[in-house]
Peer 1: 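Pasting a structure below so you can have a look.
A, B, ... follow the sequence lines: proteins, then strands. Residue 1 opens every chain. The shown structure was predicted, so the numbers you read here are calculated from the model rather than taken from an experiment.
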Amino acid sequence: MRIVFMGTPEAAAVSLEHLLKGPDPVVGVITRPDRPFGRGQKSVPSPVAKLAQSHKIPLAAPQKVRDPGFLTTLKNWKPELIVVVAYGRILPASILELSPQGCLNVHYSLLPRYRGAAPVAWTILNGEEKGGVTTMRLVEKMDAGPIFLQEEVSLAPDETTASFQSKLAPIGARLLLRTIEKLKDGSVQPEAQDEREASYAPMLKKEDGQIDWTLAAQAIERQVRAFQPWPSAYSYLRGKLLKIYRATVVSTEEHGLPGEVIRADQENLWILTGQGALSLEEIQLENRKKLPVAEFLKGTRVEKGERLSPG
RNA sequence: CGCGGGGUGGAGCAGUCCGGUAGCUCGCAAGGCUCAUAACCUUGAGGUCCCGGGUUCAAAUCCCGGCCCCGCAA
């Protein structure tokens, strides 16, 4: 079966890698255009683009998916199936209906729950014990298509979006290959999603990382894990950005204001929240290195009674 | 040329504006105290102050060039 692959980030590249080892030819790859990235705003190709280039597979990176030239290119590849993994764009009907087998999508949640752009982050943010991967047929409504296969994966207690995403990537890739096999021999029937169970996982915004210290310590701790690697949970110490990479919930008898430092010795930095306290474990001050808190405290004196606060 | 911060014994930092003895919290070593300890006390070792050039009687500090790291931005 001639396959065209659409995807952009690392997780998508993992799927493409597995596809390339499979029996079906990948006749073309579509990814998002190179974007200015990092310091100096240098343009860097996506992980999927790099992989396609190293395998000398025809590559397209259209600015707009409705671009007529691009659509012609896509048609000329004559795909029998289009595989979409974290491409990052909503596809128009013209593409969804372009190949005989339609578009097969790998989504990193247990659909119909967590439809949308950031399923993994929301799974962690909401304190779910299980997440997973689903393969489904793309339809015009976001992540609402009929389901082929699904696999549950349980979350570790210290799971971050980054760690869970990299755990899911190979599982999704294998699920994708199995789905394609079953599609070919007709041994799988897509099953409609239960709309009543649907929930949404919208894209995270930078500002969502700002910590509200009036929330419960447990909720903030989940936010810290969910916002790894982006956009990071953060607050401000003496007007400087303080990113929090790892923290644990601790119980305390102390009273004070949310965000207040209630313990600052050589090893511990505890912050009072709306309910319970948070022991910061790994943090990074603006322009500094990311450090275990004990190392951080050797160079930066923090006094009990200081407050972490919005800028 | 997107904006900004930084590179100082093994770790994390101060000192740089206003040139003149290299400092702090740790770690390490030795000794002491202790039933004992990651605790406490004393002493000690350990540094091309990122690299190169310049200014100066004198440069971690001022000037020029280079390398590396980080925050913003995505």
Peer 1: Taking all non-hydrogen atoms of both residues into account, name the closest pair between A:Thr161 and A:Ile124 and its distance.
Peer 2: N-CD1, 3.3 Å

Peer 1: Going 5' to 3' along RNA chain B, between which two nucleotides do contacts with chain A fall, using a heavy-atom cut-off of 4.0 Å?
Peer 2: B:G2 to B:A74

Peer 1: Please measure how far the C1' atom in B:U42 lies from the corresponding atom in B:U34, and state the result in whole Å.
Peer 2: 16 Å

Peer 1: What is the base-pairing partner of B:U61, counting Watson-Crick and G-U wobble geometry with both distances under 3.5 Å?
Peer 2: none

Peer 1: Identify which one of A:Asp143, A:Asn126, A:Thr123 satisfies the side-chain hydrogen bond (donor to acceptor under 3.5 Å, both in side chains) criterion when paired with A:Tyr114.
Peer 2: A:Asn126

Peer 1: Tell me whether A:Glu195 at atom CD has more than 12 heavy atoms from other residues, nucleotides or ligands lying less than 6.0 Å away.
Peer 2: yes

Peer 1: About how many Å separate CG of A:Asn268 and CD1 of A:Ile262, when rounded to the nearest 0.5 Å?
Peer 2: 10.5 Å

Peer 1: Give me the distance, rounded to whole Å, that separates B:C63 from B:G71 when you measure between the P atoms they each carry.
Peer 2: 27 Å

Peer 1: Which base, if any, makes a Watson-Crick or G-U wobble pair with B:C3, both distances under 3.5 Å?
Peer 2: B:G71

Peer 1: For the residue pair A:Lys290 and A:Tyr245, would you count it as a cation-pi contact if the rule is NZ or CZ under 6.0 angstrom from the ring centre and within 45 degrees of the ring axis?
Peer 2: yes

Peer 1: Mind checking if A:Gln41 touches a base, just sugar-phosphate, or nothing, with heavy atoms under 4.0 Å?
Peer 2: base

Peer 1: Classify the nucleic acid contact of A:Lys240 as base, sugar-phosphate or nothing, counting any heavy atom under 4.0 Å across all strands shown.
Peer 2: nothing

Peer 1: Could you tell me which nucleotide pairs with B:A30 by Watson-Crick or G-U wobble geometry, both distances under 3.5 Å, or answer none if nothing does?
Peer 2: B:U42

Peer 1: What's in the same ILVMFWY side-chain cluster as A:Ile90, cut-off under 4.5 Å, chained through other members?
Peer 2: A:Met142

Peer 1: For nucleotides B:G23 and B:C40, find the distance between their C1' atoms and express it as a whole number of Å.
Peer 2: 24 Å

Peer 1: Sticking with atom C1', work out how far B:U16 lies from B:C49, rounded to a whole angstrom.
Peer 2: 11 Å

Peer 1: When the C1' atoms of B:G4 and B:A73 are considered, how many whole Å apart are they?
Peer 2: 11 Å

Peer 1: Expressed as a whole number of Å, how far does the P atom of B:C33 sit from that of B:U21?
Peer 2: 39 Å

Peer 1: Using the P atom in both, what is the distance from B:A74 to B:G6, to the nearest Å?
Peer 2: 24 Å

Peer 1: Is there a donor-acceptor contact under 3.5 Å linking the side chains of A:Trp270 and A:Ser279?
Peer 2: yes

Peer 1: Between A:Lys206 and A:Glu295, who's closer to the 5' end of RNA chain B by nearest nucleotide?
Peer 2: A:Glu295

Peer 1: Is A:Lys243 touching bases, backbone alone, or none of the nucleic acid, heavy atoms closer than 4.0 Å?
Peer 2: sugar-phosphate

Peer 1: Quantified in whole Å, what is the P atom distance between nucleotide B:C50 and nucleotide B:C17?
Peer 2: 15 Å

